[in-house]
There are 2 protein chains.
Amino acid sequence: MPSPQPPAGRPTSKDVAKHAGVSQSTVSLVLAEKWRGRVSPATVEAVRDAVAALGYRPNTSARSLRLGRTHTVMLVVPVLTSPFFGAVHTGAAQVAAERDFGVVVYPTRDGVDLTPNPFSSAAIDGVLASSMAAEPLDVLRSAGPGTEDLPLVMLDSEPGRGVPTVNDDVADGMRTLAEYVVGLGHRRVARLRSAVQTWTFRARDAAFRAALGPAEVVAEATAPLTLDGGREAALTLLASPARPTVLVCDDDLQAAGAYKAARALGRRVPEDVSVTGFGDLRYARVVEPELTTVRLPAVELGARGMTALLDLLDTGDAGPDVVLTGELLVRGSTAPPASG
Amino acid sequence: MPSPQPPAGRPTSKDVAKHAGVSQSTVSLVLAEKWRGRVSPATVEAVRDAVAALGYRPNTSARSLRLGRTHTVMLVVPVLTSPFFGAVHTGAAQVAAERDFGVVVYPTRDGVDLTPNPFSSAAIDGVLASSMAAEPLDVLRSAGPGTEDLPLVMLDSEPGRGVPTVNDDVADGMRTLAEYVVGLGHRRVARLRSAVQTWTFRARDAAFRAALGPAEVVAEATAPLTLDGGREAALTLLASPARPTVLVCDDDLQAAGAYKAARALGRRVPEDVSVTGFGDLRYARVVEPELTTVRLPAVELGARGMTALLDLLDTGDAGPDVVLTGELLVRGSTAPPASG
DNA sequence: GTGCTGAGGTCATACGTATGACTCCCGCCA
DNA sequence: TGGCGGGAGTCATACGTATGACCTCAGCAC
């Protein structure tokens, strides 16, 4: 005797309804918590029991189709192996989970588009993007065709361009750092900047120069934010005839590379040359001496960015632009310049 | 004169059909590349033109609902700030994108469940999970109720337990490392192990001990895989009365902590004590001297894991278990033991 | 002329949910 | 007794897609 259609797959709201002896609509009302004057407490109880008994979970695709929202957002970052963006993701994912949103990560590796396929599976309601690798329009375009008009919040991007932003106050951080370095007595500064010049790096440099006071930049170079990039550029800078007494880097990993350059040149840190980083990535405390740097609240950056994006989705308003203050961390890599 | 219902939202396949002068079914057939003898080339052309003209993109929710598959998988890892798991994600995301799948990351922070809400938005077809933080069953359970029977592939997990696995050959790596260290002449070994004892760490330790030969472990401790954890444990190990000549760590970051302990005790690396790490995370080359370690192919691990999972989804078979070989990287942190 | 075949499409329906419109019934007031 | 309000649910439909079942011809053999 062939049993007629064993339900097999996951239970649906219809199954729950049958089990509870009510209609599918009622189940839906109960689950949406919209039964204020429409369903009796006893019935609510019955539905809840049925849900538990069957282990029912709503079908997200159906819900999305009905509501026109996927409850998923995309996080666009340069490659995720950087501890900074890992932390950004952590904060963002935390907030998203609390508000019942999923996060799909979209790593833009040097501008390579991961989903050239127009039938990409990414069904998303909005985009949270770091500008480290791109301008706002590029970000949206890179998320695939048809996404140009998605709600967007940018991280570490120039404010006032029509897109809500959540930023680290890199200008304040750099100013504080500059004042500290100058206060130590340094006057001849070498500057190692990021090779990719997104807004956050331009802002760092402008703030640094504005706060130099009696000191001046006597040598300057750009390099990728890598160990080897930092090492090679620092080799040149430290050998500069202008004899800088401090090397101010845009990034901790660059600074770690600078340590290697200093060692290769027989210069001690900080006795012969001071070195500073930026970001307080985990490298900062791994190196010896530990690195003087500016802590950027990466986790909070992700969290506040996600909050703004979800607010934007819910209310149409992301709220005012956010600026998160960093913190100068003085450690062992800085000292007054050697006399003479 | 009120215009009757401006289409407003994104175009649907129905709009494309109207534009091309065909039925919605035909559009669907063309887009699914299933028109071998059912649609004329001219019509196909017309549909394609309409798609391009309207900028049509299929609605993923509707497609998922119809097909019963979301084209999204979940990647479960301990917190993503680790460079290792960042790399795993990179490999996994790459493969997923190529096969038109989305990836949502689920970080299990110390067992904290990010989506306790049974209405979680995660609509996924399968799970790719690292075992670093949990056993297979726990992984599925932690992905939320109702997910217990999802297709699953585990990374760095014990094979032969009914779940397909993709592993680094940590045993081979540790054996090679042990032979190298013993070959240098070391006989008294200190061993710094991971505090959380998942399979991969048990495997490392077993392989190490089996390959010790004439050497022996004279001091041993466990610590979390952090800088401070490594430093504190190493302080004790290096001060051991048994005077170990080499410290073999389960992790690069631990090893970086051990450097700090050695320095605090006035011991030079490698002249007074050799140190080895495991993983070849980016810390390995940041420290000075650079760390002798075993490279684990994290990107490839993610990529092969994702390949296995998608094969499992497509064909019902994940293929045979995969084992990826590592590589011993001899750098500056190891030397023969000081004579005497 | 009839029947058949196959190419080229269309029709109708189902996936599972959410919700506006509707029904039914009970109690109560005039 | 008629009517009415509101509490408790149900009905029907739409979201956008994919697909099995149908439909319509033109061409051709008999």
Side-chain angles (χ1 to χ4, degrees), chain A residues 5 7-47 50-51 54-71 100 118-121 123 125 146, chain B residues 5 7-47 50-51 54-71 100 118-121 123 125 146:
Chain A
Q5 309 279 64
R10 271 175 44 174
T12 74
S13 61
K14 214 173 290 181
D15 298 326
V16 174
K18 205 170 301 172
H19 191 100
V22 299
S23 77
Q24 181 265 331
S25 327
T26 304
V27 173
S28 194
L29 287 175
V30 171
L31 266 53
E33 303 284 348
K34 289 198 164 182
W35 50 281
R36 328 195 183 236
R38 315 205 7 163
V39 182
S40 74
T43 306
V44 169
E45 186 90 3
V47 169
V51 165
L54 300 183
Y56 167 73
R57 263 166 54 100
N59 178 311
T60 308
S61 303
R63 188 199 286 266
S64 297
L65 176 58
R66 181 72 234 262
L67 298 181
R69 311 180 92 231
T70 61
H71 264 227
D100 197 22
F119 296 86
S120 159
S121 57
D125 291 335
Chain B
Q5 309 279 61
R10 270 174 44 173
T12 73
S13 61
K14 215 172 291 180
D15 299 324
V16 173
K18 205 169 302 172
H19 191 101
V22 298
S23 76
Q24 181 266 330
S25 327
T26 304
V27 173
S28 196
L29 287 175
V30 170
L31 266 52
E33 302 285 346
K34 289 196 165 182
W35 51 280
R36 328 198 183 233
R38 314 208 4 164
V39 182
S40 75
T43 305
V44 169
E45 186 90 2
V47 169
V51 165
L54 300 182
Y56 167 72
R57 265 166 53 99
N59 179 310
T60 309
S61 303
R63 188 200 286 266
S64 296
L65 175 58
R66 180 74 234 262
L67 297 180
R69 309 178 95 231
T70 61
H71 263 228
D100 198 20
F119 295 87
S120 160
S121 58
D125 291 336

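The sequence lines fix the lettering, A, B, ..., with proteins before strands; numbering per chain opens at 1.
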Between C1' of C:dC15 and CG of A:Asn59, the distance in whole Å = 8 Å

Would you check if there is a donor-acceptor pair between the side chains of A:Ser61 and A:Ser64 at a distance under 3.5 Å?
-> no

Nucleotide D:dT17, atom P - distance to CZ of A:Arg66 in whole Å | 16 Å

Rounded to the nearest angstrom, tell me the gap between atom CG in B:Leu65 and atom P in C:dG16.
-> 7 Å

Look at the side chain of A:Arg38 and the base of D:dT10, then say whether one donor and one acceptor between them are separated by less than 3.5 Å.
-> yes

What integer distance in Å separates A:Gln24:CD from D:dG9:P?
-> 16 Å

Per B:Thr26 side chain, nearest of listed nucleotides C:dG8, D:dG9, C:dT10 = C:dT10

Determine: side-chain N/O of A:Ser28 to OP1/OP2 of C:dA18, distance under 4.0 Å, yes or no.
-> yes

Correct closest heavy-atom pair for A:Gln24 and A:Lys14 would be CG-N, 4.3 Å

Would you say a side-chain N or O of A:Ser13 is under 4.0 Å from OP1 or OP2 of C:dT17?
-> yes

Closer to the 5' end of DNA chain C via nearest nucleotide, is it A:Leu67 or B:Leu67?
-> B:Leu67

Would one find a side-chain N or O of A:Lys34 under 4.0 angstrom from OP1 or OP2 of C:dT19?
-> yes

Take the protein atom CD of A:Glu33 and the nucleotide atom P of C:dT19, then report the distance between them rounded to whole Å.
-> 13 Å

Compare side-chain N and O positions of B:Ser25 against OP1 and OP2 of C:dC11 and report whether any pair is under 4.0 Å apart.
-> no

